[in-house]
Amino acid sequence: MSAIRLSPAAAILRHGVLVLTSAFILVPFVWMVSLSLKSPGEIFRATFSVLPAQFYGVDNYAKAITSVPLPRYMGNGLLVCALILAAQILVCAPAAYALAKLKFWGRDFIFAMVLVGLLLPHQVLSLPLFILCYKLDILNTYLALVIPYVVSPFGIFLFRQFFKKIPNDIVHAARLDGLCELAIVWKIMVPMALPAVIAFSIFSVVAHWNDLFWPLIAVRDGNLMPAPLGIMAFKNEEAGNDYGPLMAASTLVVAPLLIAFLAAQKWFVEGMTGGSVK
Amino acid sequence: MSGITIRNIRKSFGATRVLHDVSLSIADGEFLTLLGPSGCGKSTLLRILAGLEVQDTGSIEIGGRVVDGVRPKRRDVAMVFQSYALYPHMSVAANIALPLRMRRLSRAQRLPLIGRWLPGSGPVISGIEMEVSRTAEALGIAHLLNRKPGQLSGGQRQRVAVGRAMVRHPAVFLMDEPLSNLDAKLRVQMRTEIKDLHRRLGVTFVYVTHDQAEAMTLSDRVVVMRDGEMLQVAPPQEIYADPNDIRVAEFLGSPKINMVDATMREPGLVDLAGSALSVACEIAPGSKFTVGIRPEAFQFAEHSGPGVITGSVRMVEHMGSDLFVYFDPSGLEQPLIARLSAERTHIVAGQTLHVSVRSDQLLVFDRDGRRVRARDVSSAHSSTPAREWAR
Ligand SMILES: Nc1ncnc2c1ncn2[C@@H]1O[C@H](COP(=O)(O)OP(=O)(O)OP(=O)(O)O)[C@@H](O)[C@H]1O
Ligand SMILES: [Mg+2]
């Protein structure tokens, strides 16, 4: 890639486009962080500056943490995300292994169903899922937040593509070495597909950490609310206009994701582009 | 006691028939090689022996026990794969230890971190570690135990794969082209090491290759396979000198055996490449057949005469001690190749060459490619299918 040298004009154009698109994506975040540091009066001033004229950050963040149970919301989010991710990997890895390496009647049909599942937006299923949770009597519990996401077609698909690239000889060797099929999944396939597992984990955590739609339907108890729902509650309680603390809360909610992504960026890219199993 | 008996194995993948009725019996401690071109079903047969693939019909016995339907790990066989199939995320030591851990430790004892501290697992684990290091020592890879397979050379990986197979002392070793990924020099070296290994362990080896030199140097017996059939099962010298089938004769030997169409002139005398040669087999006069002559069966002759083939030299290849001489006898479209000693003769392209052949060095094949042996009147006998040659 580095072998291709662009002419200066092309380089400027290319970097211009990149800067513009990343600015487009980053501006709201910068704005959010900036607002979280400003006093209420400054927020509604007509002029805009990135840095606050008067540093109000401590008050805003203190208010964000104390006036609503934000740590509690984030703890809920963490618990729910962890449960979902664990359950998803527990379900997806063996399913993907079966689809990639075992021969059985109807395998291709089942895989086609997985692809169909991949195409359906989760929101489409919310009504049936709500009824299901009602019948199971788990509405307004952590379980209601976890159960609908346990089977992830995306995870099955991603893992299957990775497992398929692992040579059959490795599976054969493992069988001869005495591993049972589940041991092959957990001791051989998953470690070999680690980039995919990490990439999937990031996707899953981001999606469910930020999820607002389903928690809004499934829980009403403030003690169970994950962070985005908590922020909404915040807004309601504070009569809607206290943007400084609200933005501080939002920043606090987004921060763990940013940190996690930056830490795992290498695997994330590798997992998405595939081809890393040799 | 771990001989293998293979009875009437058939296997198809969808519409492609890969193995047709293969039967064979392998003695305890024998080194048997499956030799054949790519795609003839060697690996498939090996995988069926290991239990990794299920045959359509037929049965397999290992050590006197019918193992059809027995899981791979309970068959007491170990396999070395062409691609080595090492676990890339585990160290060399962990790769070699895995078969022992799976067999000697309970499920709980195998748990990461805590398994080691469960009652009873300490001595077992240190026993495993000892055996792993002993195996690594024997294969000369003791200094590599902490590396990952990705950090090893091809030859080192091959040794790790062998180590993982031998560490649990299987009754049968299956090897699927273990040397095919190595360079020529290393291949020769590993060949002797595998031979040594067989001598030391004394267990049954089934070895797959498409390299005739490997088959010839390693084996007690060679099975020549073609398109899912066994053409001949015999010791290496016999396979080379006394092939059953024209395809066996053509597969072995380098340069390739000369195949010449010939006609029987009168009993005991055959018209071949413009001269009359005597042959020992009795074929009806006038019938056509094919004669195979190994390049080294030709002898330099000073003059033409009875039993001497004459032709003009097309090309000479110097191979050090030998010459490969390509010459065109009258009436043949293809040149014949003779392998002559380089010391006694000086031959250049364009000259006329006389060569003689001993009659017992002529390999006679009938129209169907089956061997007609000396004084072998009934061609029915010579058409014995390969499986009756199997012991
Ligand atoms: N799982 C499979 N599905 C379909 N066809 C297969 C399968 N495995 C093998 N075959 C086919 O069976 C035939 C024999 O394959 P096999 O691997 O036994 O050949 P081989 O003799 O080992 O060849 P090579 O020397 O190239 O390894 C080939 O034509 C191959 O395409
Ligand atoms: Mg093969």
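Residue numbering restarts at 1 for every chain, and letters A, B, ... go by the order of the sequence lines.
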Just so I understand: if I count every heavy-atom pair under 4.5 Å between each of B/Arg164, B/Met79, B/Arg47, B/Arg71 and chain A, which residue has the most?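 Ranked by heavy-atom pairs under 4.5 Å with chain A, first place is B/Arg164.
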
Chain A interface, residue from B/Arg75, B/His89, B/Arg74, B/Lys73 that has the most non-hydrogen pairs under 4.5 Å: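 The candidate making the most pairs under 4.5 Å is B/His89.
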
Could you tell me whether the side chain of [Y] reaches within less than 4.5 Å of the side chain of [X], counting heavy atoms only?
X	Y	value
A/Ile188	A/Val171	no
A/Trp186	A/Pro94	yes
A/Ile170	B/Pro88	yes
B/Arg104	B/Glu131	yes
B/Leu86	B/Arg157	yes

Does any heavy atom of chain A fall under 4.5 Å from the side chain of B/Val80, the backbone, both, or neither of them? neither

If one checks every heavy atom of B/Leu100 against chain A at 4.5 Å, the contacting part turns out to be neither

Heavy-atom pairs under 4.5 Å with chain B are the metric here; pick the option from A/Ala174, A/Ala183, A/Cys180 that has the most.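 The answer is A/Ala174.
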
